[in-house]
Structures are given as structure tokens and as C-alpha cells.
S.K.: 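My questions all concern the structure below.
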Amino acid sequence: MRTPRGFSYSGIHCGLKAARKDLALVYSDAPCAAAGCFTVNAARAAPVRDAAARLPAAGIRAVVANSGNANALVGPEGERDVREVCAAVARALDVAPESVLAASTGVIGVRLPVHKLVAAAPHLASARGSAIELAAQAVMTTDTRVKLSSRTLYVGGVEASIAAFAKGSGMIAPELATMLAFLTTDVAVTPWALQSALGRAMRTSFEMITVDNDMSTNDAVFALANGLAGNPVIEEGTPDHTALGDALESMCIELARQIAEDGEGATKLVEVRIAGAPDVAIARDLARSVAGSSLVKSAIFGADPNWGRVLSAIGARVGSRRWDVDPTRATVHVQGACVYTAGAPADLDPLALRAKMREPHVTIEVALAEGSAAAVAWGCDLSYDYVKINADYTSLTHASSDGTVARDDRLTNYSPGFKHALLVEALSYISKFTNTRAVVKYGGAAMVKDSLKASFANDINLLRSAGLLPVVVHGGGPEITHTMEKLGLGKSEFVDGVRITGREDVKVVEMVLTGKINTELVSLLNQSSAHAHAVGVSGKDAGLLRARKLVGEGGRDLGMVGEITHVNHELLEVLLEKKYVPVVSPMGMGEEGEGYNINADAAAAEIAVAIHAEKLIYLTDVAGILENGELVSEIGAAELKRKIERGIIHGGMVAKAKSILRAIEGGVTSVHILDGRTPHSVIAELFTDTGVGTLVRKD
Ligand code: ADP
Ligand code: MG
């Protein structure tokens with residue numbers, strides 16, 4: 001993005017937030033004319049009080065802005081802290097302390113840890129460059145994206161430019177919405193001319209947005225002009241003054257729309273256009289009332305063409321203000337479709353309108369029949385996420401003793417109401433699972449990464465505590481391959497996920513499966529003494545998995561790969577009766593005591609059938625069954641068979657799919673394939689309504 005001459009920017013992490021950037025700097029090589037517009041909130045923050053008292057002014061060199069802490073409502077120390085931060089930044093930049101302004105955004109009522117900003121000042125100064133985006137990132141709070149705008153303008157025969165960034169998101173209400181914006185330009189202009197141009201730009205932009213009708217303590221818009229473009233200094237009331245004002249206005253509108261669009265929890269940008277009002281003040285007021293109506297906003301979130309709420313919001317405002325406006329004579333358009341005219345609802349196709357309202361931008365136009373004044377306001381829809389973001393904001397935001405503000409969303413920090421609702425819902429689910437038998441095939445990525453191993457062990461223990469009876473069957477994963485290579489036995493060949501296993505190889509398979517993976521998994525599950533109930537079981541123990549040689553397709557010799565002929569589940573029954581968690585290594589035993597390598601997917605299915613498990617879960621390293629890259633979230637047995645035949649399922653998924661068909665045929669009612677790369681996917685699948693992965697059901 002093009003930036004004006006003589007300006008540089010930086011954005012760094014100074015430790016106000018746990019990890020993200022939190023300190024921004026705007027610096028000019030030459031002294032600037034500076035102007036500012038600020039929140040009218042009577043409880044405004046310390047940096048706002050400081051800057052508002054000093055602007056407009058000449059000779060400004062820099063603005064330092066932090067996110068993560070608002071420096072608001074912390075007592076008289078707040079202003080002292082502002083001065084200390086400005087002085088430290090001035091020292092680092094080698095400019096006068098009076099030439100530095102400050103701005104803050106973030107949590108209210110926590111003292112700013114000044115020492116962190118002071119310590120970071122030299123780095124903040126030396127990190128300066130032309131990348132304005134870095135500064136834009138550093139002021140973000142709940143914003144999901146950076147907000148930037150730039151313009152080129154011609155004044156006094158020279159080319160000048162303006163570059164700006166802003167942050168918004170929540171606590172956004174008209175009267176200067178809650179936000180910070182920084183406009184930098186190389187035009188030459190007097191401080192007062194800049195102030196009046198900026199003030200005019202506010203009226204149609206930041207003053208016309210609303211996210212939540214809540215006015216913040218920290219809103220501030222700064223404009224800095226360093227004159228390096230070399231134009232004759234712009235005075236008030238000249239054509240160049242108008243041109244500068246127009247440019248600032250269009251940039252502020254662009255930034256304001258970005259803020260409304262990225263409102264907390266927003267899914268749509270809403271534009272409300274009022275026309276035919278008796279005067280501009282009324283038009284502006286009504287546009288903001290409609291854009292700020294919770295009912296209108298909720299309807300837009302749901303793509304519900306409930307235009308009655310628009311006229312109701314207007315009627316309520318007009319009535320309470322005793323204005324001479326008759327809303328029943330208005331014409332209302334939603335997404336260009338007429339919904340109300342000539343005193344009556346228009347004939348419309350609600351389905352078509354609903355479809356149009358799903359678009360990311362929704363426009364509501366109200367033409368009153370009272371005059372010729374007009375105004376436009378912007379807002380966003382009101383989604384579930386808005387409440388989620390704000391309901392537990394301070395209880396989830398923790399300022400540690402060193403001043404770092406971080407989110408801690410462990411359940412203990414949520415409001416009692418939320419916890420109760422969650423517990424009631426969770427417990428009623430959990431009680432459904434008492435004594436349910438579930439076989440979990442453990443494979444894929446979940447077997448490799450330490451953090452995933454730990455979350456898997458945790459989940460299995462939780463299932464057991466919740467009264468479920470889990471049986472774990474593990475595969476060999478990459479371990480067998482590694483070990484064979486290490487022992488110089490070469491690379492294994494796979495046919496549909498089944499490893500061709502020689503006579504010598506099967507000993508290695510057993511060593512790794514039973515000797516290593518099984519014991520390690522049992523240790524992991526038994527680590528916490530409260531849950532020490534895992535018992536390692538080889539398929540050979542008590543003749544659990546009886547097997548014979550499996551012959552491959554077309555009579556192909558697969559070596560010592562076996563197929564299960566019988567599951568002697570007595571041992572499992574004994575263990576399950578006493579609430580132990582069997583952890584099965586899929587080794588099969590032939591009639592002569594020879595060991596067979598059994599595919600773990602098949603072993604899990606046969607065991608699930610034998611013990612009459614209600615659930616069978618495959619943890620693997622894909623999201624589930626995929627077709628053209630899309631997750632198939634639910635599928636019947638017949639369709640699954642077709643997908644194997646059509647080659648949509650291949651490789652390791654074939655062994656799983658065939659095993660699943662076998663399990664369903666054997667009476668298992670639901671089989672899930674889950675992504676072992678997501679922590680706690682087993683818990684998420686069992687204990688929430690919306691499954692994660694693929695569910696295969698009986699036809
Ligand atoms: P596991 O260790 O879980 O048994 P596998 O590698 O044996 O893992 O089997 C899963 C693999 O199957 C996936 O990583 C993927 O490459 C492959 N696969 C083949 N077809 C499909 C499909 N249609 N959907 C998902 N995965 C598929
Ligand atoms: Mg496999």
C-alpha cells in the first residue's frame with residue numbers, strides 16, 4: 001500500500017497480550033499538523049482526555065497506540081501513565097515528549113503496565129518501516145481483519161497521498177463509534193483546517209455506524225499531516241480544503257464500513273438508507289435507529305424478511321421524539337425488493353427475498369414522504385457469537401501480576417448460568433451412555449503426536465468415568481515400518497491397507513505391536529492413578545483372536561496376514577464386568593499356535609460384533625470419508641459399498657470401510673470415522689449433537 005512521504009510505521013508485541021502484537025507506532029520525519037476527534041463518553045480513557053486537550057496542534061511527530069489495555073477508569077494514575085509512555089517513545093525517537101500522542105484500546109479498569117511499554121519503546125522505534133499493515137495489526141482486539149484505506153489527491157498542483165488504518169469490532173455506537181483510526185498524509189494544511197475537514201468527515205462515516213449501540217471510552221480518530229508534498233498550506237474554506245475533506249470523508253466511510261462489516265460476531269454488513277425525511281438530523285437519527293435495532297439485526301442474521309421491524313423501529317423513534325413523521329406512508333425496500341408501499345404490505349415472494357438476504361451485504365431503504373433530507377447508516381447483524389464474545393469477556397480476561405492480559409477460557413471462568421446450562425446438557429447426554437460398550441480403533445496421527453496421545457488417553461479415561469465401557473484396539477502405525485527398516489528387513493508392501501508380512505516379519509510385527517505399542521499405551525492410560533484400569537491384552541491371550549491365513553484377491557499370497565475366524569470374548573467380558581479397559585494388540589493365533597498379523601481395523605470390527613458393542617469408532621488421520629475433498633458426514637452401508645467399488649475409497653480406507661460393513665452386518669448400530677488430528681474428537685463425537693467425522697449407519 002502506498003504511504004505518504006516521511007511517514008513510517010511499526011507494530012510489535014510488548015507483552016500486554018499473551019502472544020499477539022499489541023503496540024503500534026506512527027512516526028513522521030517532519031513535524032505535523034495534527035487533529036483529533038474523540039468519543040463523547042463522559043467516562044473517557046486517560047489517553048483520550050490527554051489528546052483531546054492538546055489537539056488540534058502543530059509540531060506533532062508520533063502517535064503510540066496499544067491494544068489489550070484501555071487505560072480507562074483506573075484513577076489519576078492513568079494520565080501519569082500516558083505521559084510516561086509518551087516520554088519513553090519520545091526518547092527512543094529522539095523527539096520532544098510534547099510531540100507524541102497516545103491511544104489505547106482493550107480491557108477497561110486494569111492499570112497499564114507502563115514498564116512493558118517503556119522497555120519496548122526502543123524496539124518499537126527501530127522496527128519502523130513503510131508497512132502500515134503491521135501497525136494496523138497491533139491495534140486489533142476482537143477484530144478479525146486489518147482495516148486499511150488509501151487515496152491519492154491533487155492539491156495546489158502537486159500529488160499528495162493519504163494512508164489510514166483503523167480498528168473496531170465491539171462497543172461501536174454512533175457519536176464516534178468505538179474505534180481507533182489513524183490517518184496520515186503528506187499534504188500541507190493548518191491544524192485548524194485539518195480539524196474541520198476531519199470533523200466534517202466524521203458526520204457521514206464513523207458517526208453513522210453502529211455494532212451494538214454501546215459507546216466506548218476510547219474512541220479516537222487522529223489525522224497527521226506533515227506537509228512534505230510541498231503544496232501551498234491549505235487554509236479553511238478554500239477549494240483544496242474541500243478536496244482534502246472529501247478525500248478524508250471517503251476514506252473514513254470506507255473504514256467505517258469495514259468496521260461495521262467486522263463487528264463482533266457479525267456475518268453481514270447492513271446498510272440503512274433513509275430518504276424523504278423532514279431534515280437531516282431526523283434522517284441520521286432514524287437511519288441509526290434502524291441499523292441499531294436488535295430485532296432488525298437478529299432478523300437479518302436469520303435472513304428473515306421481517307420488514308415490520310424496520311417500520312416499527314422508525315415508528316418508535318418518531319413517536320418518542322414527537323416528530324411529525326408518518327411511518328405508515330413510507331415505502332420500504334429490502335435488497336431492492338419492495339416490501340411495503342402505499343400504506344400496505346407489497347406483494348412479494350418471501351422465499352426469493354430470503355435467498356437475497358443471505359448475501360453478505362443487506363440494504364434496507366426507507367423512503368419517507370415528509371421532505372427531502374437523506375442519510376445512510378451502517379451496522380451488522382446480531383449473531384449468537386456476539387453474546388458469546390461479550391458474555392464472559394472480563395471473567396475470561398485475566399491480568400496477571402506483570403500486566404499481561406490474556407484470555408483464559410477454562411470452564412471455571414465462565415458465568416454460572418453458562419456452566420449450569422452446559423452441565424445439565426452434558427449430564428443428560430452422559431447418562432444415556434452408562435454401560436454402553438464402545439470399541440475404539442486407535443490409529444493414524446493420534447498415535448504419533450505426544451499431545452494427541454495425551455488427549456486420547458484423557459478421553460478414554462473420561463469415557464470410563466462417565467460410565468461407558470471402552471475397548472481400545474490399536475494399530476501398528478508407522479512404528480512397524482520404522483522397526484523393519486532399522487532391522488534391515490526392507491520396505492513393506494501394502495495391499496488396500498494390509499501389510500504383506502513374511503514369516504520373519506511377523507515376529508517383528510508382534511514385537512512392536514504387543515511388546516512396544518501396547519505396553520506404552522497401557523502405561524499412558526494408567527499414568528493417573530485415579531484412572532488406572534487399562535489392561536494390555538494380546539489377541540493371543542486366552543485365545544482372543546483365532547485366525548487363519550488370509551488369501552489375497554486373485555489368490556495372492558499375503559504371507560502371515562491372518563483373518564479372524566473366531567473371537568473368544570470371555571476374557572473381555574470378565575474385564576468389562578469389573579470395568580477394566582482392555583487394550584488389544586491385534587495379533588491372531590492359528591491352529592498350530594502360529595502368529596498372524598491381523599489388520600487392526602478388522603480386529604476392531606470383529607471384537608465390536610462379538611461383545612455386542614453399540615458403537616465402533618475409528619480414529620484416523622483424515623477428517624472422515626472424503627469424496628472430491630468434501631467430508632461425507634453420514635452414509636448408509638449400501639452407499640459405502642458402492643464407494644469402494646467405484647474407487648472413491650482406496651488405500652488404508654478400504655480396510656476400514658470393509659470392516660465397517662462387517663460390523664454393521666454383525667449388529668453394530670453406528671460406526672464413526674473420526675479425525676485423530678483434532679484433540680478430543682472422541683468426546684466431541686459422543687457427547688454433542690453435531691457429529692464430527694463420518695457416521696456410517698445401517699440402511
Ligand atoms: P490408519 O492408521 O488410521 O489405519 P490408514 O492410512 O490405514 O490409516 O487409512 C487412512 C487413509 O486412507 C487416509 O489417510 C487416506 O489417505 C486414505 N483414503 C483413501 N480413500 C479415502 C477416502 N475416500 N476418504 C478418506 N480417506 C481415504
Ligand atoms: Mg490402516
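Numbering of ligands and ligand atoms starts at 1, following listing order. Please read all numbers here as calculations on a predicted model, not as lab measurements.
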S.K.: Q335 side chain to H361 main-chain N or O, any donor-acceptor pair under 3.5 Å?
M.R.: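 Checking the backbone N and O of H361 against the side chain of Q335, a donor-acceptor pair under 3.5 Å is found.
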
S.K.: Check the angle between the aromatic planes of Y442 and F456 and answer parallel, tilted or perpendicular using the 30° and 60° thresholds.
M.R.: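 Rings of Y442 and F456: parallel, as their planes differ by under 30°.
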
S.K.: Could you check whether R499 and S492, counting side-chain N and O atoms only, form a donor-acceptor pair closer than 3.5 Å?
M.R.: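 A pair is found: one side chain offers a donor N or O, the other an acceptor, under 3.5 Å apart.
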
S.K.: So which pairs with a foot in residues 453-470 pass salt bridge (charged side-chain N to carboxylate O under 4.0 Å, His left out), sequence neighbours left out?
M.R.: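 For residues 453-470, and leaving out neighbouring residues, the salt bridge (charged side-chain N to carboxylate O under 4.0 Å, His left out) pairs sorted by first residue read D450-K453.
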
S.K.: Taking any residue with a non-hydrogen atom under 4.0 angstrom from an atom of ligand 1, which ones do you get?
M.R.: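 If the criterion is a heavy atom under 4.0 Å, then ligand 1 touches K441, G443, G444, L619, T620, D621, V622, G624, I625, L626, I648, I649, H650, G652, M653, K656.
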
S.K.: Applying salt bridge (charged side-chain N to carboxylate O under 4.0 Å, His left out), can you list everything that pairs with K656, at least two apart in sequence or on another chain?
M.R.: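 For K656 the salt bridge (charged side-chain N to carboxylate O under 4.0 Å, His left out) partners, ignoring immediate neighbours, are D601.
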
S.K.: Mind checking what makes ring-ring contact (aromatic ring centres under 6.0 Å, His included) contact with F165, not counting sequence neighbours?
M.R.: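 ring-ring contact (aromatic ring centres under 6.0 Å, His included) check on F165 returns F182.
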
